[in-house]
There are 2 protein chains.
Amino acid sequence: MIAEAMWRVILDKGMEGATVRNIAEEAGLSLGALRHYFRTQDDLLVYAMTLVQERATARIEQVARQALPPKEMVLAVLYEIVPLNAETRAEMEVWFAFIAYVNHRKDELPIPDDGVLEGVRKVLAYLEVSRLLSEGLDIDLEVERLYGLMDGIAIHALLQPNRLDADRVRRTIRYHIESICKK
Amino acid sequence: MIAEAMWRVILDKGMEGATVRNIAEEAGLSLGALRHYFRTQDDLLVYAMTLVQERATARIEQVARQALPPKEMVLAVLYEIVPLNAETRAEMEVWFAFIAYVNHRKDELPIPDDGVLEGVRKVLAYLEVSRLLSEGLDIDLEVERLYGLMDGIAIHALLQPNRLDADRVRRTIRYHIESICKK
DNA sequence: TTTTATTTGATACAGGTGTATTGTTTATCC
DNA sequence: GGATAAACAATACACCTGTATCAAATAAAA
């Protein structure tokens, strides 16, 4: 609840606007009440960040549990990693702000893992055991490549939504997956 | 000179630490002197941001002018886009901080273009006229894919330098280029 | 050298910042 | 019921923020 308030403030005013007073007001609390739950601003930050990550992970795992043909399931999972609708878009926007902020405070704050790298590993392993992958691929580099592609597309879709719309995002991802699968 | 001071402050204390006082001190100026050159903080921000972009562009264009075999030249250019040494790493770190900050002030501040998309277009067009590209590629989607890959790898190299070192970055990029070129 | 413009410095202002303190309300338990 | 603890609110503190003001120093031009 308080974390959601922090997300809304970040979406609205950015990281600079994410002050304890703004967050308290957005959550309908007084300064003292907010402080009762989070003794310091960093505590709140870490909590809100963890929650974004958990929410995204839960969403992706739910998609992964759907009964679909292998390639379709893989694509469905990859589509969840990237901002294709208002919800995932907001999520990614907040996540991006968090990462950028936490990046220059590595010593004090933990840099959380978004789990995308591990997800990409599983996805490629699944295509492999399904005998869908082309022969002669370097799986290790394929992981690195898909991982980079996914986060790159995610950021581009976030920063340039007009140029890179949802359909173009899907086509690019599908194009890449097709390129590493048997004809 | 003042812009460089701002970069150093951002590298050291992040965007939150990039206050007019910190920047003035780093530049060896008084508050009034700094204000004489930049009436407002946003003016300084836009100036410093433009300078990073121009510096990176100049560096990349210089590499592109080298006389090298087509594929080697293409790789050399792509390597410049990504943080592989301390200099380009610092540059990218500052750029990342700028973009994240400016992202939630779209209405007030201009979001500068880093020129990577245009560079990727040129690079692929060059491979095409050099008759190095495989047959049957969708050039439009290949641009989107390489564009995403480059920025994705750049961010990963920035945020996870231990896992993704310079050699692994080069191998991944080379692997991708080889995958779209004739055998 | 005197006049003009540029550059610099010190200080002030109004407002925002995270955190601390202290008290009051509300709920929970025996 | 009364006691104990949790939840909340108001206020205060010391500090930092961007910007403005105004005077002094330096340089350039006449």
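The chains referred to below are lettered A, B, ... by the order of the sequence lines, with proteins before strands, and numbering in each begins at 1.
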Original post:
Do side-chain atoms of A:E4 reach the backbone of A:M1 as a donor and acceptor pair under 3.5 angstrom?
Top reply: yes
Subject >> Sequence-distant partners of B:I111, side-chain contact (heavy atoms from CB on, under 4.5 Å), two or more places apart >> reply: B:V102, B:K106
**OP:** Take nucleotides 4-10 of chain D nucleotide by nucleotide from the 5' end and write B, S or -, depending on whether a protein heavy atom sits under 4.0 Å from the base, only from the sugar-phosphate, or from neither.
**Re:** ---BSB-
Original post:
Over how many whole Å does the gap from B:I23 atom CD1 to D:dG18 atom C1' extend?
Top reply: 11 Å
Check nucleotides 25-29 of chain C for protein N or O atoms closer than 3.5 Å to its own N or O atoms and list the pairs.
none

**OP:** Answer with yes or no after comparing the ring centroid distance for B:F96 and A:F96 against a 6.0 Å cut-off, counting only values under it.
**Re:** yes
Original post:
Tell me the side chain to side chain donor-acceptor pair (under 3.5 Å) pairs involving residues 30-51 of chain A, sequence neighbours left out?
Top reply: A:D42-A:R105
Original post:
Are B:D12 and B:R8 close enough for a salt bridge, meaning some N to O gap below 4.0 Å?
Top reply: no
**OP:** Give me the residues of residues 39-49 of chain B where at least one heavy atom lies under 4.0 Å from an atom of DNA chain D, by number, or none.
**Re:** B:T40, B:Q41
**OP:** Answer with yes or no whether the hydrophobic clustering places A:V120 together with A:V82; edges join I, L, V, M, F, W, Y residues whose side-chain heavy atoms lie under 4.5 Å apart.
**Re:** yes
Original post:
For residues 98-112 of chain B, which residues have at least one heavy atom under 4.0 Å from DNA chain C?
Top reply: none
Original post:
Are the charged groups of A:K183 and A:E178 less than 4.0 angstrom apart, N to O?
Top reply: no
**OP:** Would you confirm whether A:S130, through its side chain, and A:P70, through its main-chain N or O, come within 3.5 Å as a donor-acceptor pair?
**Re:** no
Subject >> For atom CD of A:E25 and atom P of C:dG16, their distance in whole Å >> reply: 12 Å
Original post:
Please, which pairs that meet side chain to side chain donor-acceptor pair (under 3.5 Å) have at least one residue in residues 154-164 of chain B, sequence neighbours excluded?
Top reply: A:E144-B:R163, A:Y147-B:Q160, A:D151-B:H156, B:Q160-B:R163
**OP:** Output all residues satisfying side-chain contact (heavy atoms from CB on, under 4.5 Å) with B:R21, sequence neighbours left out; order by chain, then residue number.
**Re:** B:T19, B:L31
Original post:
Less than 4.0 Å between a side-chain N and a carboxylate O, is that true for A:D138 and A:R145?
Top reply: no
Original post:
For DNA chain D, which residues in residues 1-21 of chain B have a heavy atom at a distance below 4.0 Å?
Top reply: B:T19, B:V20, B:R21
Subject >> Contacts of type side-chain contact (heavy atoms from CB on, under 4.5 Å), residue A:R170, not counting sequence neighbours >> reply: A:Y79, A:L84, A:A166
**OP:** Taking ring-ring contact (aromatic ring centres under 6.0 Å, His included) as the test, write out the residues that go with B:H176, two or more places apart.
**Re:** none
**OP:** Quick one: list whatever passes side-chain contact (heavy atoms from CB on, under 4.5 Å) with B:A48, sequence neighbours left out.
**Re:** B:A3, B:M6, B:W7, B:F98
Subject >> Distance test, side-chain N/O of A:R35 to OP1/OP2 of C:dG18, below 4.0 Å >> reply: no
**OP:** For A:R89 and A:P83, work out which heavy atoms get closest and say how close.
**Re:** CA-CB, 3.7 Å
